Amino acid sequence: MQTSRRTVLRTALGGVLGLPAIGSARAATPTVLRAVMQGDLRSFDPIWTTANISAYYGAMVYDTLFAIDDTYKPQPQMVGKWGLSDDKKTYTFQLRDGLAWQDNTPVTAADCVASIRRWAVRNAGGQAIMARAQDLSAKDDKTIVLTLKEPFGLVITALSTCTTPICFMMPKKDAETDPFQQVSGRIGSGPFTFNQTLTQPGSRYVFDKWDKYAPRSEPASSLAGGKVVKLDQVMWENITDQQTASAALSAGEIDFYELPPLDLVPQLASNPNIKLKIMNPTGNVGELRMNTLHPPFDNVKARQAMLYLLDQKAILNATFGDPKYYHPSPSIFGYETPMSNDANTGWFTEAPNPAKAKQLFAEAGYKGEKVIVLQATDFAFMNNSAQLVAGWLQGIGVNAELAAMNWGEVITRRASMKPDDQGGWDIFITYGGGFDFSDPIMLIALAANGTKGWFGWPENADYEKLRTQWAEAGTVAEQQVIAKKMQAVAWDFVPMAMLGSWTQPAAMRTNVDGFLTNPDVVPFWNVTKT
Amino acid sequence: MGAYIGRRLLATLVVMAIVGLIVFLLLHLAPGSPAAIIAGDNATPAQIALINRQLGLDRPLPVQFGLWAWDVLRGRFGTSIFSGVPVMELVLQRIPATVSLSLVTIVFAATVAVTGGVLAAWRVGGVLDRTLMAIAALGFSVPVFVVGYLLIYLFAIRLRWLPVQGYVPISAGLWPWLSHLLLPALALGLAYLALISRITRAAVLEVLAEDYIRTARAKGATSMSQLFHHALRNAGVPIATVIGIGIALLISGVVLTETVFNIPGIGRLTVDAITNRDYPIIQGVMVIFSGAYVVINLMVDLSYTLIDPRIRR
């Protein structure tokens with residue numbers, strides 16, 4: 001073979017300039033999907049943190065015993081056969097064939113027992129299981145046995161939850177890590193392997209298809225069914241600037257943008273190469289927490305006044321603009337979740353009614369004391385809502401004062417149980433995943449167990465009894481009946497105020513298809529790029 | 001000269017120690033805590049307290065500072081609270097991108113600005129002078145992110161000449177590396193171009209009024225020789241100073257530029273760490289930055305002796 005000076009020059013120039021050698025043979029191009037996700041993957045331990053992005057990582061690298069399908073029903077995933085004893089106290093789970101860790105060692109029941117134990121320390125559902133557990137052990141390499149002291153209807157629901165932290169299975173040596181320390185391993189049994197060589201922390205995270213993953217035979221459905229990977233590689237590009245991420249999608253430099261800001265959505269939608277999809281049909285739910293330990297909100301009438309005062313539509317419109325993406329909803333269980341209902345909501349449907357709110361504050365004995373509204377300025381929804389709420393309170397003569405701070409400061413200050421003059425607070429605004437609101441056991445914000453519970457610390461014994469009954473109910477239908485009763489009680493003592501629900505579409509190039517929906521995770525199996 | 005450099009390097013250590021103390025105090029006295037972020041939105045106060053204890057953040061501040069300072073003295077900057085990666089490893093990963101951006105920016109700004117400033121002084125009051133000074137005023141007035149977005153829209157989306165964002169190491173090829181840096185360097189460099197060109201113009205104007213320039217002209221020196229051999233060389237000290245300041249200021253300037261153009265540099269690392277309250281990263285980066293700042297100033301001081309031999313005496 002002769003090598004001309006021109007060929008040498010061309011090759012050298014190509015090398016320096018980074019251009020492909022002209023006329024050279026081309027290898028098959030791997031299918032790489034570049035995605036901008038909701039935030040930076042700060043932790044590689046989806047049990048240690050509740051951050052959703054770490055759960056996304058978990059869903060790539062790890063697998064679960066059970067998983068919910070797109071109707072939110074739990075389905076076996078790593079489990080092949082399973083059974084419940086007649087006395088409903090003993091669960092037996094048998095691992096399906098072909099499961100292996102990404103270092104090619106087999107997945108054993110002992111790995112799974114250690115994983116469940118570690119997860120249970122950090123997850124409310126897991127804590128509920130372990131509080132009732134008599135024994136959790138590996139009967140043999142493939143069989144896990146859970147024996148309870150009393151029947152508990154939420155075992156499978158908890159094991160299949162997609163609310164973070166999700167019950168991911170890890171190798172025993174990782175699963176034996178203190179639940180409050182991060183695991184160092186990156187080996188799972190999920191459909192993707194984590195590519196540490198190409199990953200640049202804070203900038204880019206790379207996942208490769210794991211060829212030895214054995215998917216289930218059923219069709220993929222949310223986190224359940226066959227996790228068939230149709231891409232060679234997935235790259236999460238951490239583009240923090242929203243305008244830049246949108247421009248990168250428009251230019252085709254990225255293929256998928258999970259959470260484009262709603263004000264940029266119309267511009268993206270007008271691009272013929274981009275399409276939109278709601279990835280999380282249950283969206284997010286906003287809530288307003290009141291400090292029930294101190295005046296004025298230690299008085300139920302002041303809390304009821306807030307339900308008359310709040311205009312959900314105005315609050316949602318202030319941040320999300322397009323009514324297509326938001327829904328006012330008075331249910332404590334969120335919008336269109338399996339537990340949503342309208343029990344005891346009729347009395348405040350006339351809201352906003354400032355006159356009625358003013359009257360109730362007076363009946364609560366309000367004497368002009370300061371009402372501190374924590375305003376998280378770095379989250380648009382919290383920032384805008386806090387300003388509206390403070391304005392409406394001032395409008396009816398309440399001495400409301402905004403305390404502007406970042407979210408990090410809010411989560412520190414809201415833990416204070418002291419009165420306002422000692423660093424306390426009266427109102428803060430937050431939001432959570434819509435699906436989470438359908439589970440009053442997993443979501444601690446739906447508890448009313450006083451100072452043992454969540455910020456605001458509402459307390460009501462009748463409600464708590466119903467919450468326990470809900471946990472023990474055998475079927476979703478029974479839970480729905482109890483959920484109605486819970487809400488009827490809740491809107492009598494008003495543990496919080498709801499601020500409505502919203503969804504946010506993801507944007508992707510039109511050559512990308514097959515994304516499955518889920519309330520808390522974005523799955524990358526089943527996705528194609530042409 | 002050796003003693004001078006030694007004294008300045010010793011001062012660098014003192015500056016780094018003071019910066020370390022101030023950054024430590026500011027971070028730990030500011031509200032917000034990494035434990036609350038780690039614990040998540042559903043955590044109870046007891047869980048947050050437990051994480052605080054495990055991170056050692058419940059210890060008295062002097063103890064925390066002492067432990068950290070002792071580690072730094074031994075060259076250990078700690079590990080990121082969130083990723084568990086050593087701070088020095090993270091910094092080393094990010095340095096190439098920041099150095100590349102700074103280098104391209106300063107080369108672009110200094111080359112264009114010094115040439116432009118000299119020519120503006122040569123034709124003071126003319127069209128060239130007014131045009132250059134108008135560009136300088138624009139460079140001072142328009143924020144870097146506005147320039148950045150406009151450049152992205154024009155060159156990356158409309159014309160599709162350059163990529164929107166990202167960074168490619170030089171090992172992947174000269175053009176891929178440079179193509180990802182041109183727009184950010186242009187956006188970031190505009191302000192430095194303005195600063196350096198105005199100082200150059202003023203310094204050269206002052207020198208052009210000197211007797212020795214008139215002598216050179218009388219001896220038949222060409223305009224270019226007058227400008228670049230006689231005038232520019234004698235106006236070199238203030239220009240070198242402002243370029244040096246520019247390099248130091250770039251450290252802060254790259255933060256926004258790296259965010260807008262998604263360049264994984266030190267600036268992005270710092271911003272992300274501040275958002276997450278990742279104390280070891282913030283403290284480590286600040287101490288390293290302060291050292292770099294002092295060393296750059298020292299190098300600028302030493303460059304005076306090369307530009308103007310009179311300073312050596």
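Values reported hereafter were calculated over all heavy atoms of this structure, with side chains retained and with hydrogens, waters and symmetry mates removed. Numbers restart at 1 for each chain; the letters A, B, ... are given by sequence-line order, proteins then strands. None of the values given here were measured: they were computed from a predicted structure.
- In this structure, B/Trp68 and B/Phe65 have tilted ring planes: the angle between them lies in the 30° to 60° band.
- Using cut-offs of 30° and 60° for the angle between ring planes, the A/Trp425 and A/Trp457 rings count as tilted.
- Not less than 6.0 angstrom separates the ring centroid of A/Tyr205 from the ring centroid of A/Tyr57.
- Proximity to chain A involves both the backbone and the side chain of B/Gln165, based on heavy atoms less than 4.5 angstrom apart.
- Each of A/Asp178, A/Asp40, A/Asn238 has some count of heavy-atom pairs under 4.5 Å with chain B, and the biggest count is that of A/Asn238.
- Aromatic ring pairs are classed by plane angle as parallel below 30°, tilted from 30° to 60° and perpendicular above 60°; the pair B/Phe155 and B/Trp161 is tilted.
- The one candidate from A/Arg118, A/Arg186, A/Arg122 that meets the side-chain hydrogen bond (donor to acceptor under 3.5 Å, both in side chains) condition with A/Asp45 is A/Arg118.
- By number of non-hydrogen pairs under 4.5 angstrom with chain B, the leading residue of A/Ile239, A/Leu41, A/Thr240 is A/Ile239.
- For B/Asp71, the salt bridge (charged side-chain N to carboxylate O under 4.0 Å, His left out) test picks out B/Arg74, with sequence neighbours left out.
- Taking the six-membered ring wherever Trp is involved, the centroid distance between the rings of B/Tyr279 and B/Phe24 does not fall below 6.0 Å.
- Identified by a heavy-atom distance below 4.5 Å to chain A, contributing residues of residues 103-112 of chain B are lacking entirely.
- With chain A as partner, the option from B/Leu269, B/Val260, B/Asp278, B/Asp272 having the largest number of non-hydrogen pairs under 4.5 angstrom is B/Val260.
- Using a 4.0 Å cut-off between charged nitrogen and carboxylate oxygen, B/Arg268 and B/Glu258 do not count as a salt-bridge pair.
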